[in-house]
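For reference, the structure is listed below as structure tokens.
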Amino acid sequence: MSEKVRCLIIGSGPAGYTAAIYASRANLSPVLYEGLQPGGQLTTTNEVENFPGYPQGITGPELMEDLKKQAERFGADIRFGMVTATDLSVAPYKVTVDGETVIEAETLIISTGATAKYLGLPDEQKYAGSGVSACATCDGFFYRKRKVAVVGGGDTACEEATYLAGLADKVFLIVRKSFLRASKIMQERVLSNPKIEVLFEHETIGLTGNMVVEGADLVKRRGQADEEKVHIEIDGFFLAIGHKPNSDVFKPWIETDEVGYIKTIPGTPRTNIPGVFAAGDVADPHYRQAITAAGSGCQAAIEAERYLSEKGVS
Ligand code: NDP
């Protein structure tokens, strides 16, 4: 089965839905495929307090439902399906969904997001939304004057630990090696902050608590002769061990950095292929916020509209 569309949007986070709102209002009749997690990462966040326009805050799922309805109101065709293959060698670009439906798209907006990495402990699932988070900017506010832990030794972990230290009373930074991988300036910020205690050579083996996180069980120098069990009391447990951008299926054609983030021309959502744009976290290792994703989704739709009118595709 094959179908021709002027604008195909892959991914249903703030970037994808915003692109769909703009593209449908520009009469591009966009088709959007939602993917495995309709609504994206925000659907795993309880309370969103930093998306402009909601003075009382809004839950992540509600915000995404509103964005979806807004896109549908203008005629966006929103479908469920996973992209399984792509051929972006020549326009119209061919995108295979669920191994059977081939969409031929004049323009393509990739907004497939990124997935935060977790340690893989069953307790991370158990306390999801009840003390476990992978986004300090999103959830840090709930831990004012509390104790939290951040896992990781890179720039994100140091940045999140420093951010949380501005809110919480105490921050443990749990680092599996004997050194931080982060840039020197970030390390200095962490090491000079009296609220942050760095636990080098510690690994988390479990979380404790009745309904919500109340503590973490760690092992110091695991596997060594002087291995030691350590328990810390915390109210929040933040993962900052990296993200994986969901770009694999486009990689044969689209340029990415070494981690997999899609490369765009700075200040634009343009990729190395004309008519193919990237928006949101799949192309953003730095900000990763719902509002920045929405902004880039808007840019991508405007670019798609201009590209089509320059090509004379009606
Ligand atoms: P990184 O890959 O740089 O760091 C991940 C960290 O998590 C490492 O310390 C790693 O440990 C640790 N880690 C990974 N897996 C586990 C695990 N299973 N258990 C315990 N620890 C684990 O990711 P970041 O998200 O920090 O950064 C990604 C990119 O974005 C980098 O290039 C970074 O420089 C950049 N960035 C820049 C910022 C800025 O300039 N302001 C801010 C944030 C990010 P180990 O060291 O042992 O491998």
Side-chain angles (χ1 to χ4, degrees), residues 41 44 50 112-128 132-140 148-166 171-193 196-207 213 216-224 227-232 234 236-248 255-264 266 278 280-293 296:
Q41 292 178 72
T44 60
N50 54 7
T112 41
T115 307
K117 290 186 195 158
Y118 284 78
L119 296 171
L121 301 172
D123 286 341
E124 290 169 317
Q125 301 278 341
K126 183 175 166 189
Y127 296 103
V132 172
S133 167
C135 179
T137 323
C138 318
D139 298 326
V148 298
V150 177
V151 186
D155 279 324
T156 303
C158 288
E159 198 170 66
E160 305 229 327
T162 307
Y163 175 79
L164 287 165
V171 179
F172 295 100
L173 183 60
I174 304 170
V175 183
R176 66 180 172 183
K177 290 199 177 126
S178 59
F179 58 89
L180 291 166
R181 179 204 285 226
S183 54
K184 272 278 168 285
I185 185 161
M186 301 297 280
Q187 292 193 28
E188 278 160 18
R189 259 179 226 163
V190 160
L191 297 170
S192 65
N193 192 317
I196 303 176
E197 182 178 341
V198 185
L199 302 175
F200 286 110
E201 297 182 272
H202 281 68
E203 287 177 45
T204 313
I205 52 169
L207 299 171
V213 169
D217 289 322
L218 316 177
V219 178
K220 185 177 180 186
R221 293 174 59 78
R222 181 155 33 186
Q224 308 292 314
E227 175 181 300
E228 200 183 311
K229 287 215 163 73
V230 176
H231 180 79
I232 54 172
I234 49 167
F237 184 77
F238 288 83
L239 283 311
I241 60 172
H243 283 74
K244 184 181 179 334
N246 301 318
S247 60
D248 286 355
E255 279 177 19
T256 66
D257 68 11
E258 64 282 358
V259 180
Y261 287 99
I262 293 178
K263 285 189 185 171
T264 53
D281 286 12
V282 73
D284 175 13
H286 296 293
Y287 303 108
R288 295 197 289 252
Q289 298 301 299
I291 188 64
T292 50
S296 65

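One-based numbering, in listed order, for ligands and for the atoms of each. Atoms considered below: every heavy atom in the structure, side chains included; atoms not considered: hydrogens, waters and symmetry mates.
Residue G154 has at least one heavy-atom neighbour below 4.0 Å for each of these atoms of ligand 1: 4 (O), 6 (C), 8 (C), 9 (O), 26 (O). Each of the atoms 6 (C), 7 (O), 8 (C), 9 (O) of ligand 1 lies under 4.0 Å from some heavy atom of G153. Per-residue contacts place K177 under 4.0 angstrom from the following atoms of ligand 1 (heavy atoms of the residue considered): 45 (P), 46 (O), 47 (O), 48 (O).
Contacts with ligand 1 closer than 4.0 Å are made by side-chain heavy atoms of L119 only, the backbone lying farther away.
Closest heavy-atom approach to atom 26 (O) of ligand 1 within the set L239, V175, T156: this belongs to T156.
Scanning all protein heavy atoms for the shortest distance to atom 38 (C) of ligand 1 gives D155 CB, 3.8 Å. Nearest protein heavy-atom contact of atom 1 (P) of ligand 1 is R181 NH1, 4.1 Å. When hydrogens are left out, the protein atom nearest atom 22 (C) of ligand 1 is I241 CG2, 3.5 Å; that is the closest non-hydrogen contact. Residue, atom and distance of the protein heavy atom nearest to atom 23 (O) of ligand 1 are G242 CA, 4.0 Å.
Residues passing the salt bridge (charged side-chain N to carboxylate O under 4.0 Å, His left out) test with K244 are D248, sequence neighbours excluded. For F238, the ring pair (Phe, Tyr, Trp, His ring centres under 6.0 Å) partners are Y143, not counting sequence neighbours.
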>> side chain to side chain contact (heavy atoms under 4.5 Å, CB included) for L218 and F172? Distances and angles first, verdict last.
In response: CA-CA 12 Å; L218 316 177; F172 295 100; over 6 Å; no
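Residue L173 holds its CG atom at 8.5 Å from OG1 of T162, rounded to the nearest 0.5 Å. One distance of note links CG of D281 with OG1 of T292; it measures 7.0 Å at 0.5 Å rounding.
Residue E159 has at least one N or O atom closer than 3.5 Å to an N or O atom of ligand 1. Considering backbone and side-chain atoms alike, R176 places an N or O below 3.5 Å from some N or O of ligand 1.
Closer than 4.0 Å to atom 40 (O) of ligand 1 lies none of the heavy atoms of the protein. There is a protein heavy atom less than 4.0 angstrom from atom 47 (O) of ligand 1. Atom 17 (C) of ligand 1 is approached by the protein to below 4.0 angstrom, counting heavy atoms only. There is no protein heavy atom less than 4.0 angstrom from atom 31 (C) of ligand 1.
With E124 contributing its side chain and L119 its backbone, the two residues share a donor-acceptor pair below 3.5 Å. Checking side-chain atoms of S247 against main-chain N and O of I262 turns up no donor-acceptor pair under 3.5 Å. H243 contributes no side-chain N or O that, together with a main-chain N or O of K117, makes up a donor-acceptor pair within less than 3.5 Å.
A salt bridge is absent between E203 and R176; no separation between the charged side-chain nitrogens and carboxylate oxygens falls under 4.0 Å.
A side-chain contact (heavy atoms from CB on, under 4.5 Å) with F237 is found for one member of I232, V148, V151 and no other, namely V151.
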